[in-house]
Amino acid sequence: MPLRIGLGHDTHRTGAGGPLILGGISIDCDFHLVGHSDADVLLHAITDALLSGAGLPDIGELFPDNAAENRGRDSGDMLRLAWAKVRENGWDLVNLDCVILAQRPKLSPHKAQIRQRIADLLQISPDQIGLKGKTGESVGEIGRGETLQSIVVALLERP
Ligand code: MG
C-alpha cells in the first residue's frame, strides 16, 4: 500500500485583543493572530501537510492572501476544500501529528476540543490526531509571545 508523508509549518504574529482562533476553536485570550484569513496557524499547517503529502499546490497557491474572498476566511473551510482535493487524488489519512509552539495560552484545557474539531472537519477519528503544545521557554520570538507557530506531519495512504 503506497504511503506518503507531508510536512506543514506555519507562523502568525500576535496582535492585541482576543479571541484567539486556534485549531478551529475560539479561545478566550488577550491576543489574536494576525493574517489575511482568520490566521489559524494550526489549521494552516495541517492543510499544507495534507496537500504536500499528496503532491498538490500549497495553501498559498490554492487560497492566495491577496484575494478578497480569502479575507477573514474561516480556515476550517479552506482545510475542508484542500482535504477534498487530497481525497479526490485517492489518498486517505493514517494520522496527523501536530505541534503548537506557543508561550501562552496553556493549551491542555483546549486539546480535546481542538482534536474533535479537526476530526469533524476531516471526517476522521480524534485518535488519528496527536496534538502537543510546547512553550518557547520564554526566549526567542515564540517565548516573547510575538508569534505562534505550528508544525504538522501527515501520513497518507492510497488503499
Ligand atoms: Mg497561515
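Counting from 1, the numbers follow the sequence of the chain as shown. Atoms within each ligand, like the ligands themselves, are counted from 1 in listed order.
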Sequence neighbours excluded and cut-off under 3.5 Å, please list the side-chain donor-acceptor pairs for residues 92-99, or say none.
unit_1, atom_1, unit_2, atom_2, d
D92, OD1, R87, NH1, 2.4
D97, OD1, K132, NZ, 2.6
D97, OD2, K132, NZ, 3.4

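- From I129, atom CD1 reaches atom CD1 of I46 across 7.0 Å, with rounding to the nearest 0.5 Å.
- Listed by chain and number, the residues in a salt bridge (Lys or Arg N to Asp or Glu O under 4.0 Å) with D74 amount to none (sequence neighbours excluded).
- By the neighbour-count criterion of 12 heavy atoms within 6.0 Å, atom CD of Q113 is sparsely surrounded, having that number or fewer from other residues, nucleotides or ligands.
- Not counting sequence neighbours, the partners of R73 by the salt bridge (Lys or Arg N to Asp or Glu O under 4.0 Å) test are D77.
- Annotation: protein N, O or S atoms under 2.8 Å of the Mg ion (ligand 1) (waters excluded) comprise D10 OD2, H12 NE2, H44 ND1.
- Side-chain atoms of Q103 come within 3.5 Å of backbone N or O of G136 as a donor-acceptor pair.
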